[in-house]
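One-based numbering, in listed order, for ligands and for the atoms of each.
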Amino acid sequence: MAQLTIGVLNGDDIGHEIVPAAVEVTCAAAARHGLAIDWRPMPIGRAALDSHGTTMPEGTLGTLATFDGFILGPIGHQAYPKGPGAINPHPILRKHFDLFANVRPTRSYPDIGCIYDDVDLVIVRENNEGFQPDRNVVMGSGEFRPNDDLTISVRVISRNGSRKVARAALEIARSRRKRLTLVHKNTVFKLGCGMFVESCYEAAKEYPDVTVDEVIVDTFAMRLVRDPQSFDTVVTTNMFGDILTDEAAGLVGGLGMAPGLCIGEGGLAMAQATHGSAPDIAGKGVANPYAMIESTRMLIEHLGRVRSLPQAVEVARTTEAAIRSALSDPETRTRDIRGTTGTRGMTDAIIRAIG
Ligand code: ATP
């Protein structure tokens with residue numbers, strides 16, 4: 001009897017290499033700790049368009065709702081041929097399951113080309129509102145053009161959405177160094193960022209043990225480069241978070257080192273790396289599998305906590321140590337992080353380290 005049922009959606013391009021790597025690694029750790037996982041592969045993206053005529057086949061949402069969580073590989077929707085079935089699935093998945101918090105850690109590892117040796121921070125990005133026009137409205141688009149000379153982009157901020165993401169960030173801060181930084185620009189967006197900040201402070205009243213401070217987004221962008229060690233947990237709105245998490249990845253070896261987990265109020269969560277589908281390196285066996293493996297590890301750890309499964313927490317712990325071991329040797333890490341091997345070599349090294 002499976003203790004966890006997890007959907008596997010490869011996504012596009014390097015997704016077909018790094019998602020299977022993440023499953024293999026997790027299988028090895030699960031076998032070691034006696035955790036039974038039922039993996040359920042499902043079509044999504046370009047492959048689904050070819051086989052089912054749509055990038056998100058009918059029934060996908062209903063089936064995923066019966067699972068504990070799922071892995072979504074990177075989606076290369078920019079390259080989809082134009083047509084009614086060619087939609088970008090990830091905003092729909094985030095919205096449908098109300099996965100309002102995108103948890104994106106940034107951590108340095110020795111000798112892989114990090115700018116600093118001691119970065120350990122988490123940016124929690126609001127996932128379903130903000131400026132992103134394909135997800136901040138339920139119909140139509142948050143961007144429109146009344147005439148050929150004018151475009152209007154709408155930014156959505158709600159008290160409820162802001163409070164929810166703040167609570168998720170406060171929970172994470174509580175489990176870490178008990179410090180939360182709000183990143184915003186309420187000096188200019190007095191109403192939008194103003195509401196976000198007010199809602200965060202309101203949520204923080206329930207977390208008196210967490211110290212909350214705030215930094216204006218442009219100052220934060222500069223301080224993130226100069227002294228990233230001064231931050232622990234950060235919460236911000238959708239687009240600021242999108243940009244800042246790529247900047248943070250640049251500090252610790254690049255996009256291959258940028259994992260993420262999308263969570264909501266229920267247990268169901270989606271492992272989704274920060275990076276895109278990297279078509280330039282797809283099929284070459286060189287993609288760094290770290291971000292996808294670590295995102296999956298975060299999913300297992302999260303499910304271990306919310307489903308009270310100590311074996312899952314152990315699986316996550318073992319995987320973390322094995323990843324660290326593979327990253328410590330140039331021969332068992334990929335070239336983008338000063339290594340000499342490819343996706344297969346790094347994946348095998350992590351599995352060997354699991355034992
Ligand atoms: P999106 O807008 O969909 O997030 P993007 O513009 O951020 O995509 P990516 O596809 O994420 O672009 O990648 C940018 C470049 O970073 C890639 O072309 C690739 O060279 C590199 N890259 C991204 N992910 C990885 C990875 N896992 N391993 C190695 N290199 C990567």
Side-chain angles (χ1 to χ4, degrees), residues 9-25 44-46 49 55-56 71-80 86-94 102-107 109 112-115 123 125 127 130-135 143 238-262 270-298 323 326-327 330 332-350:
L9 297 89
N10 279 1
D12 297 309
D13 302 314
I14 62 167
H16 296 290
E17 298 159 69
I18 60 176
V19 173
V23 172
E24 277 184 55
V25 164
I44 197 105
R46 181 65 209 232
L49 185 66
T55 50
M56 199 165 79
I71 307 174
L72 178 68
I75 296 292
H77 64 98
Q78 306 285 7
Y80 294 163
I87 47 170
N88 178 5
H90 74 75
I92 299 170
L93 293 166
R94 289 173 181 181
N102 197 334
V103 181
R104 293 179 160 181
T106 302
R107 194 176 299 137
Y109 292 89
I112 66 163
C114 297
I115 294 174
I123 298 179
R125 165 190 175 194
N127 229 4
F131 252 129
Q132 270 69 354
D134 56 349
R135 64 203 79 163
E143 211 177 30
N238 200 339
M239 199 167 75
F240 293 161
D242 187 22
I243 298 165
L244 294 171
T245 49
D246 268 32
E247 183 188 341
L251 295 174
V252 296
L255 285 173
M257 297 304 292
L261 182 69
C262 298
M270 170 170 83
Q272 188 187 21
T274 295
H275 60 74
S277 66
D280 55 326
I281 55 168
K284 296 182 179 159
V286 298
N288 181 349
Y290 170 86
M292 202 66 250
I293 292 171
E294 175 63 13
S295 304
T296 306
R297 192 199 71 76
M298 290 167 70
I323 292 171
L327 286 174
T332 56
R333 58 182 191 237
T334 49
R335 293 180 189 87
D336 57 310
I337 47 171
R338 298 193 177 164
T340 57
T341 192
T343 315
R344 184 73 263 159
M346 185 159 155
T347 306
D348 286 344
I350 298 172

Testing the basics here: between Glu294 and Ile323, what is the closest heavy-atom pair and its distance to 0.1 Å? OE1-CD1, 3.7 Å

Could you pull out every protein residue that has a heavy atom closer than 4.0 Å to ligand 1, ordered by chain and then number? Ile14, Leu255, Gly256, His275, Gly276, Ser277, Ala278, Asp280, Ile281, Ala287, Asn288, Asp336

Table please: side-chain donor-acceptor pairs of residues 243-251 below 3.5 Å, with sequence neighbours left out.
unit_1, atom_1, unit_2, atom_2, d
Thr245, OG1, Arg104, NH1, 2.8
Thr245, OG1, Gly241, O, 2.7
Thr245, OG1, Asp242, O, 3.2

How far apart are the closest heavy atoms of Ala287 and Ile14, and which atoms are they? CB-CG2, 3.8 Å

Can you give each donor-acceptor pair under 3.5 Å made by side-chain atoms of residues 17-25, sequence neighbours left out, with the distance rounded to 0.1 Å?
unit_1, atom_1, unit_2, atom_2, d
Glu17, OE1, Gly285, N, 3.1
Glu17, OE2, Gly283, N, 2.6
Glu24, OE1, Arg344, NH2, 2.7
Glu24, OE2, Arg344, NH1, 3.2

Audit row: Tyr80, Asp12, side-chain hydrogen bond (donor to acceptor under 3.5 Å, both in side chains) steps and yes/no: CA-CA 10 Å; Tyr80 294 163; Asp12 297 309; 2.5 Å; yes

Could you tell me which residues satisfy ring-ring contact (aromatic ring centres under 6.0 Å, His included) with Phe240, sequence neighbours excluded, listed by chain and number? none

